[in-house]
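To start, the structure under review is shown below, and the notes come after it.
Just follow the structure's listing: the first ligand is 1, and inside any ligand the first atom is 1.
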Amino acid sequence: MIEIKNIMKKYGNGPIAVNDVTETMSKRVTTLIGRNGAGKTTLLRMLSTQLMPTSGTAVINGHDIIKEPHKVRNSIVSIPQEASPIGILTPYEQVRMYLIGRRFSLSDASLAARQALETVGLESSMHSPSDTLSGGMKRKMFVAIALASNAEIVFLDEPTTGLDPLSRLEVWSAIKKLDGNILLTTHYMEEAENLSDEVFLQDAGKIIESGTVKKLLKRFSGKIRVESQSPLDGSTMLGGMHILYDIVENAEKHVKNGANVKKITLDDLFIMRGVDLEY
Ligand SMILES: Nc1ncnc2c1ncn2[C@@H]1O[C@H](COP(=O)(O)OP(=O)(O)OP(=O)(O)O)[C@@H](O)[C@H]1O
Ligand SMILES: [Mg+2]
């Protein structure tokens with residue numbers, strides 16, 4: 001359970017990265033989405049006690065992040081966006097070392113490390129130096145750390161960025177196996193749809209929408225996205241395409257005219273926010 005209270009972060013003379021956010025996150029998998037620079041990482045870093053808020057606070061599983069950061073740290077694990085392993089250590093050594101740091105006994109740590117690395121599909125490379133792993137394999141190693149740690153809350157900042165589609169599915173299935181509640185960020189809307197019980201949309205530091213994927217897409221119900229090479233009545237140009245939201249009943253007409261018709265996904269929440277389309 002994460003209760004965020006008027007949290008704010010201003011970087012020196014820089015931007016207000018997180019702007020007066022007050023939210024409760026209590027679902028098993030919560031996903032934070034938002035454009036580059038929206039403030040997702042900043043929020044996650046404050047919640048995981050790595051960055052001091054400028055004002056406001058949050059209570060994680062009953063512990064205040066400012067007054068009781070040690071207690072918060074005992075109940076969470078946080079995998080940063082830019083996490084990189086220690087190159088000379090193998091994944092097995094690294095996961096084990098992390099667990100020993102969390103006061104696992106040597107034998108428990110060894111067992112949990114092996115099991116978690118197998119679960120994320122790293123069984124054949126768990127004894128190779130991390131330097132020799134691909135980017136995706138390194139991401140999986142960090143998910144294994146989260147998996148093995150048995151933390152009550154797991155923070156994952158862009159856990160599947162840069163992974164190939166199959167690796168992404170493997171990481172999703174590993175994430176689904178995590179015991180604790182999870183707060184993750186992603187730019188892959190399919191990932192948000194697949195994993196989340198609740199989604200928070202952050203924009204310019206503020207949370208501007210939240211709810212289940214179903215709720216967020218409700219405003220598009222009965223609609224389709226139409227993409228055409230040529231302008232359509234009421235369309236907006238985006239990425240070299242003319243885009244329009246129209247009712248499902250008009251789908252056939254658009255297809256006959258050579259346009260592409262797409263099912264609504266969370267991507268559309270981004271698209272229509274970015275270009276002020278009518279929907
Ligand atoms: N250490 C820092 N010092 C100054 N400004 C920062 C710092 N870290 C982030 N910012 C700024 O704060 C804002 C929010 O950045 P943040 O990294 O939290 O966004 P994000 O939503 O995680 O973006 P992305 O999707 O690209 O990872 C941006 O304007 C960024 O430039
Ligand atoms: Mg980020």
Side-chain angles (χ1 to χ4, degrees), residues 2-23 25 29-58 60 65-66 69 72 76-85 135-136 138-143 145-146 153-163 167-168 171-172 175 178 181-196 198-211 213 216 238-239 265-275:
I2 303 172
E3 296 165 85
I4 307 172
K5 301 174 179 173
N6 301 103
I7 210 164
M8 210 265 277
K9 180 70 192 180
K10 179 167 165 49
Y11 287 107
N13 293 327
I16 298 180
V18 172
N19 193 353
D20 195 21
V21 170
T22 297
E23 298 287 347
M25 299 171 171
V29 182
T30 303
T31 306
L32 204 51
I33 59 173
R35 305 186 65 179
N36 291 127
K40 305 177 298 295
T41 296
T42 303
L43 181 56
L44 233 63
R45 292 188 65 216
M46 290 192 287
L47 296 177
S48 54
T49 74
Q50 298 165 72
L51 185 69
M52 194 68 171
T54 307
S55 60
T57 189
I60 311 259
I65 55 166
I66 296 170
V72 172
I76 65 168
V77 55
S78 174
I79 309 297
Q81 186 170 356
E82 310 297 349
S84 60
K138 288 175 189 163
R139 292 305 297 166
K140 287 187 195 170
M141 189 205 79
F142 284 105
V143 176
I145 286 182
I153 300 190
V154 179
F155 295 94
L156 299 168
D157 199 354
E158 298 193 27
T160 65
T161 296
L163 296 194
S167 298
R168 181 165 301 135
V171 171
W172 287 358
I175 289 174
L178 290 168
N181 284 5
I182 300 149
L183 174 57
L184 67 96
T185 74
T186 185
H187 286 290
Y188 300 105
M189 293 306 110
E190 202 194 338
E191 179 160 307
E193 289 179 20
N194 192 295
L195 293 177
S196 339
E198 191 165 30
V199 175
F200 288 78
L201 172 61
Q202 191 169 4
D203 189 43
K206 287 195 174 291
I207 301 293
I208 54 171
E209 289 197 52
S210 64
V213 172
L216 292 178
L238 185 71
T265 69
L266 267 187
D267 280 346
D268 294 288
L269 203 67
F270 265 74
I271 293 173
M272 68 90 185
R273 284 236 166 237
V275 294

Exercise for review: Run down the list Met46, Lys10, Lys40 and name the one with the heavy atom closest to atom 20 (P) of ligand 1.
Suggested key: Lys40
Review point. Hey, are Glu191 and Thr160 close enough side-chain-wise for a donor-acceptor pair under 3.5 Å?
Key: yes
Check your understanding: Of the backbone and side-chain N, O or S atoms of Asn36, does one lie nearer to the Mg ion (ligand 2) than 2.8 Å?
Key -> no
Review point. Under a heavy-atom criterion of less than 4.0 Å, does Arg35 contact ligand 1?
Key: yes
Review point. Quick check: does any side chain N or O of Ser48 sit under 3.5 Å from a backbone N or O of Ser78, one acting as donor and the other as acceptor?
Key: no
Revision key, fill the gap. Partner of Thr42 under side chain to side chain contact (heavy atoms under 4.5 Å, CB included), picked from Arg45, Lys40, Met46, is Met46
Review point. Does Thr41 bring an N, O or S atom to under 2.8 Å of the Mg ion (ligand 2)?
Key: yes
Exercise for review: Count the heavy atoms of every other residue, nucleotide or ligand shown that sit under 6.0 Å from CD of Gln81, and state whether that count exceeds 12.
Suggested key: yes
Point to revise | Interfacing atoms of ligand 1 (cut-off 4.0 Å, heavy-atom, Glu158) | key: 25 (O), 27 (O)
Review point. Taking distance alone, with no angle check, do Gly39 and ligand 1 share an N/O pair under 3.5 Å?
Key: yes
Review point. Do ligand 1 and Gly37 have nitrogen or oxygen atoms that lie under 3.5 Å from each other?
Key: yes
Check your understanding: How far is atom 16 (P) of ligand 1 from its nearest protein heavy atom, and which residue and atom name does that atom have?
Key -> Thr42 OG1, 3.6 Å
Check your understanding: With a 4.0 Å heavy-atom cut-off (strictly under), which part of Gln81 contacts ligand 1: side chain, backbone, both or neither?
Key -> side chain
Practice item. Measure the distances from the heavy atoms of His187 to every atom of ligand 1 and state whether one is below 4.0 angstrom. Key: yes
Practice item. Taking the side chain as every heavy atom from C-beta outward, state whether Leu201 and Ile207 have any atom pair closer than 4.5 Å. Key: no
Check your understanding: What pair of heavy atoms forms the shortest contact from Ile175 to Ile182, and how long is it?
Key -> O-CD1, 3.5 Å
Review point. How close does the nearest protein non-hydrogen atom get to atom 26 (O) of ligand 1, and which residue and atom is it?
Key: Asn36 ND2, 2.8 Å
**Study point:** Nearest-neighbour protein heavy atom for atom 17 (O) of ligand 1, which is reported as residue plus atom name and distance
**Key:** Thr41 CB, 3.7 Å
Review point. N/O of Ala17 under 3.5 Å from N/O of ligand 1, yes or no?
Key: no
Exercise for review: Quick one: look up the protein heavy atom nearest atom 31 (O) of ligand 1 and list residue, atom name and how far away it is.
Suggested key: Pro15 CG, 4.7 Å
Review point. Cation-pi between Arg168 and Tyr188: NZ/CZ under 6.0 Å from ring centre and within 45° of the ring axis?
Key: yes
Exercise for review: Answer yes or no on whether Lys9 is positioned over the face of Tyr11, meaning its NZ or CZ is under 6.0 Å from the six-membered ring centre and within 45° of the axis.
Suggested key: yes
Review point. Do Glu158 and Thr186 get their side chains close enough for a donor-acceptor pair, meaning under 3.5 Å?
Key: no
Revision key, fill the gap. Which of Ile65, Thr30, Ile153, Ile76 passes side chain to side chain contact (heavy atoms under 4.5 Å, CB included) with Ile2? It is Ile153
Point to revise | Distance from atom 9 (C) of ligand 1 to nearest protein heavy atom, with residue and atom | key: Tyr11 CE1, 3.4 Å
